[in-house]
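Okay, so here's the structure we're looking at.
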Amino acid sequence: QVQLVESGGGLVQAGGSLRLSCAASGRTWSSKAMGWFRQAPGKEREFVTSISLITGSTNYADSVKGRFTVSGNNARNSLYLQMNSLKPDDTAVYYCAASSFAFTPTARSDDYTSWGQGTQVTVSS
């Protein structure tokens, strides 16, 4: 229903910044919440941040609060993740996701109905 493509990943030094983008197409009007998840090698996928496209409310994992900022647009076709003060522990493949029914910024991966293919973020020490 919704196709998502991430971009903006790369290699940065600890303390640096990156801005990830997610371009959405298809039935973008159906998205009520969008979010970012990440998965490091040997670890399970974990929640990073999300935003309600209905209310604008945001949600952040404790590990990224104060460092990452999520934003979207009213057209529901773009999602961004501004990442500052990056740490080596932030190294992972980052995925954007969209939910067709959750109007709150849910952290549950099962609530998301569309997923991108991911973009690699590597933070060196």
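Remember, it's a predicted structure, so these values are computed and weren't measured experimentally.
Taking OG from S31 and CD1 from I51, the interatomic distance works out to 12.5 Å, rounded to the nearest 0.5 Å. Considering OG of S7 and CG of L20, their distance stands at 8.0 Å, rounded to 0.5 Å. The distance from atom OG of S78 to atom CE of M34, rounded to the nearest 0.5 Å, is 8.0 Å. Considering CE of M83 and CZ of R38, their distance stands at 9.0 Å, rounded to 0.5 Å.
Crowding of F103 atom CZ: a count of heavy atoms from other residues, nucleotides or ligands under 6.0 Å not exceeding 12.
Checked by atom type and distance alone, the side chain of T122 never pairs as donor or acceptor with a backbone atom of T91 at under 3.5 Å. Remark: the backbone N or O of Q82 is not paired with any side-chain donor or acceptor of T69 at under 3.5 angstrom. Although no hydrogens or angles enter the test, the distance criterion places no donor-acceptor pair under 3.5 Å between the side chain of N77 and the main chain of A24.
Looking only at side-chain heavy atoms (C-beta outward), R45 and W115 come within less than 4.5 Å of each other. Annotation: side chain of V93 is not in contact with side chain of T119 (no heavy-atom distance under 4.5 Å).
With Y80 as the aromatic partner, R19 meets the cation-pi criteria of under 6.0 angstrom to the ring centre and within 45 degrees of the ring axis.
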- request: Determine, step by step, whether S57 and T55 satisfy the side-chain hydrogen bond (donor to acceptor under 3.5 Å, both in side chains) criterion, reporting the C-alpha distance in whole Å, the side-chain angles of both residues, the deciding distance to 0.1 Å, and the verdict.
  value: CA-CA 5 Å; S57 297; T55 68; 3.1 Å; yes
- prompt: Could you walk me through whether S17 and N84 pass the side-chain hydrogen bond (donor to acceptor under 3.5 Å, both in side chains) check?
  reply: CA-CA 4 Å; S17 298; N84 298 326; 2.9 Å; yes
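Taking the six-membered ring wherever Trp is involved, the centroid distance between the rings of F37 and Y112 falls below 6.0 Å.
Using a 4.0 Å cut-off between charged nitrogen and carboxylate oxygen, K65 and D62 count as a salt-bridge pair.
For K43, there are no salt bridge (Lys or Arg N to Asp or Glu O under 4.0 Å) partners two or more places apart in sequence or in a different chain.
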